[in-house]
Amino acid sequence: MQTDGPKTFSAALLAWYDVHHRALPWRVSPQDRAAGVAPDPYRVWLSEIMLQQTTVAVVKAYFEKFIRRWPDVSALAAAPEGEVLAAWAGLGYYARARNLHACAKTVSRLHDGRFPETAAALKALPGVGDYTSAAIAAIAFDEPAPVVDGNVERVVTRLEAIETALPRAKPQIRAKTAELTPPKRPGDFAQAMMDLGATICTPTRPACAICPVRPFCTAARRADPERFPVKEKKKAVPARRGAAFVARRGDGAVFLRRRPGTGMLGGMSEPPTTAWSAHADGATGAAAAPFPAAWAKTGEIEHGFTHFRLTLEVWTADLAGDPPVEGWWSTPADVAGEALPTVMRKVLKAAAGSGSSTGHPSHKTGNSEQEPFHDS
DNA sequence: TACCCGTGGCA
DNA sequence: TTGCCAAGGGT
């Protein structure tokens, strides 16, 4: 006869986590935690915001960069928003960065630089919702709050073979998670659930054979874990079209402007673009340019957003003077540090080295000044 | 409630 | 190529 495994779900999961937990830059290991090392709420919060809908692999480098540059919440609060957005560029969902900065200022001023210690109080902060408030409360402050992210939804719907489709199943999942969460080590438990979802209870081909909580799992017993979670079908994403206008100066600088502070890519930088029309015949072409110049179409880029696919014509012109619109010249040395979202970096790449107007992204050749200088 | 909001990797 | 998915939140 074999020895009995742990009697409770959380005991089985935590025993597994003690051995197989992932080592992550923002994480205190269960061993260190047991030895009395307290997580830094600032690091927990920063990592949780970055991890919203974003992969661990991508977040690591951004997290290290932010911590080096802004070691505590007051340092982050003191930074200009533009610098935070520039550091965030490429991570996506830029409202997160604006809310991150707003939250840092709130904590720094209203809370004297210390984060609230309950899920309820944390949830009042900008950018901190149901998931993040529970995660911070559990990990940083040992509150047994139910932490439900996409991993937990998958694990729990499989455990219980929940047939209700998401998002309607959320209340049931949350209730079951609350029931499973132990009064001791709630932070390790939450992180263990997420590690389990990320490494064992994966969306496809889950590794049930080595799962530490298989004895508790209904879906594994029925041999159909991949059916869960059941989700509503998503609508097809529409296409939009527009044009971007890259003005270049003799020294290679490009002309940028700042987008409106809210909405799509809010507060981020861009070369001037038209509105992005849902119609294929939307205003594009040189006539749609923000100011007259010898515009030449040098390419097109495509970019997938969450709710539409964008095709952007790329128009290029060389300018002698300053354009009659608000913005600034960004030299080749400065472009890397601009708050340019990925879609706009694609535009600049498509415009670079386009003096011969084929539109094919090719490396710079240094002969990009053959268009007549024009206008001002 | 349903929709808005980025990006990159992978089957 | 297309769709799905990743430690969701705001409105």
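Throughout, a chain's letter reflects where its sequence line sits, starting with A, and its residues are numbered from 1. All figures in this text were calculated on a predicted structure; none of them were measured in a lab.
Out of C:dA7, C:dA6, C:dG9, the shortest distance to the side chain of A:Leu51 is found at C:dA7. Comparing C:dC5, B:dG6, B:dC4 by their closest approach to the side chain of A:Arg154 singles out C:dC5. For A:Gln52, the listed nucleotide lying nearest its side chain is C:dG9; candidates were C:dG9, B:dG6, C:dA7. Closest to the side chain of A:Lys231, out of B:dT7, C:dA6, B:dG6, is C:dA6. Residue A:Thr342 has its side chain nearest to B:dG8 when only B:dG8, B:dG6, C:dG8 are considered. Among the nucleotides C:dC5, B:dG8, C:dA7, the one closest to the side chain of A:Pro203 is C:dC5. Considering only side-chain atoms of A:Asn151, the nucleotide from C:dA7, B:dC3, B:dT7 that sits closest is C:dA7. Proximity note for A:Lys234 (side chain, C-beta onward) versus C:dC5, B:dG6, C:dG8: the nearest is C:dC5. Each of B:dC3, C:dG9, C:dA7 was ranked by its minimum atom distance to the side chain of A:Thr132; first place goes to C:dG9. Counting only heavy atoms from C-beta on, A:Pro341 has its side chain closest to B:dT7 among C:dA6, B:dT7, C:dA7.
Taking the P atoms as reference points, C:dA6 lies 22 Å from B:dC5, given to the whole Å. The P atoms of B:dG8 and C:dG9 are separated by 22 Å, rounded to the nearest whole Å. A distance of about 25 Å separates the P atoms of B:dC3 and C:dA7, rounded to the whole Å.
As judged by a 4.0 angstrom heavy-atom cut-off over every strand, A:Val128 is placed among residues touching the sugar-phosphate backbone only. Looking at heavy-atom distances under 4.0 Å, A:Met264 makes contact with sugar-phosphate atoms alone, never a base. At a threshold of 4.0 angstrom between heavy atoms, the contacts of A:Val343 are confined to the sugar-phosphate backbone, with no base atom among them. At a threshold of 4.0 angstrom between heavy atoms, the contacts of A:Leu91 include nucleobase atoms, whether or not backbone atoms are also involved. Residue contacts for A:Gly304: at a heavy-atom cut-off of 4.0 Å it reaches a base atom on one of the strands shown.
Using a cut-off of 4.0 Å between Lys/Arg side-chain N and Asp/Glu carboxylate O, A:Arg241 and A:Glu313 are scored as salt-bridged. The existence of a salt bridge linking A:Glu117 and A:Arg114 is excluded, since no basic side-chain nitrogen approaches an acidic carboxylate oxygen closer than 4.0 Å. Using a 4.0 Å cut-off between charged nitrogen and carboxylate oxygen, A:Lys346 and A:Glu302 do not count as a salt-bridge pair.
Not a single donor-acceptor pair under 3.5 Å links the side chain of A:Thr202 to the backbone N or O of A:Ala198.
Here the closest non-hydrogen pair linking A:Asp130 and A:Arg174 is CB-NH1, 4.4 Å. Contact record, A:Arg43 with A:Pro25: NH2-O, 2.7 Å, taken as the closest heavy-atom pair. Contact record, A:Trp276 with A:Thr273: NE1-OG1, 3.6 Å, taken as the closest heavy-atom pair.
Distances shown here put every side-chain N or O of A:His307 at or beyond 4.0 Å from the OP1 or OP2 atom of B:dC3. Note on A:Tyr94: a side-chain N or O is less than 4.0 Å away from OP1 or OP2 of B:dT7. Side-chain nitrogen and oxygen atoms of A:His303 include none within less than 4.0 Å of the OP1 or OP2 phosphate oxygen of B:dG6. At least one side-chain nitrogen or oxygen of A:Lys235 sits closer than 4.0 Å to the OP1 or OP2 atom of B:dC3.
Counting to the nearest Å, the P atom of C:dG9 and the CG atom of A:Asp130 are 7 Å from each other. Computed from coordinates, the A:Lys60 NZ to B:dT7 P distance equals 22 Å when rounded to whole Å. The interatomic distance linking A:Arg98 (CZ) with B:dC5 (P) rounds to 10 Å, in whole Å. One can place CE of A:Met50 at 14 Å from C1' of B:dT7, the figure rounded to the nearest angstrom. When the P atom of B:dG6 is taken as reference, atom CZ of A:Arg96 falls 9 Å away, rounded to whole Å. In this structure, the CG atom of A:Leu310 is 14 Å from the C1' atom of B:dT7, given to the nearest Å. In this structure, the CH2 atom of A:Trp276 is 11 Å from the C1' atom of B:dC5, given to the nearest Å. Across the protein-nucleic acid pair, A:Trp88 atom CH2 and B:dT7 atom C1' stand 12 Å apart, rounded to whole Å.
A donor-acceptor contact under 3.5 Å is formed by the side chain of A:Thr306 with the base of B:dG6. At a cut-off of 3.5 angstrom, counting only N and O atoms as typed in the model, there is a donor on one side and an acceptor on the other between the side-chain of A:Arg22 and the base of C:dA7.
Each of A:Ala135 and A:Pro126 has a nearest nucleotide on DNA chain C; the 5'-most of these lies closest to A:Ala135. Both A:Lys123 and A:Ile139 lie near DNA chain C, and the one whose nearest nucleotide falls closer to the 5' end is A:Ile139. A residue-by-residue look at A:Thr204 and A:Thr54 shows that A:Thr54 has its nearest nucleotide of DNA chain B further toward the 5' end.
For A:Phe308 and A:Phe305, the distance between ring centers is under 6.0 angstrom.
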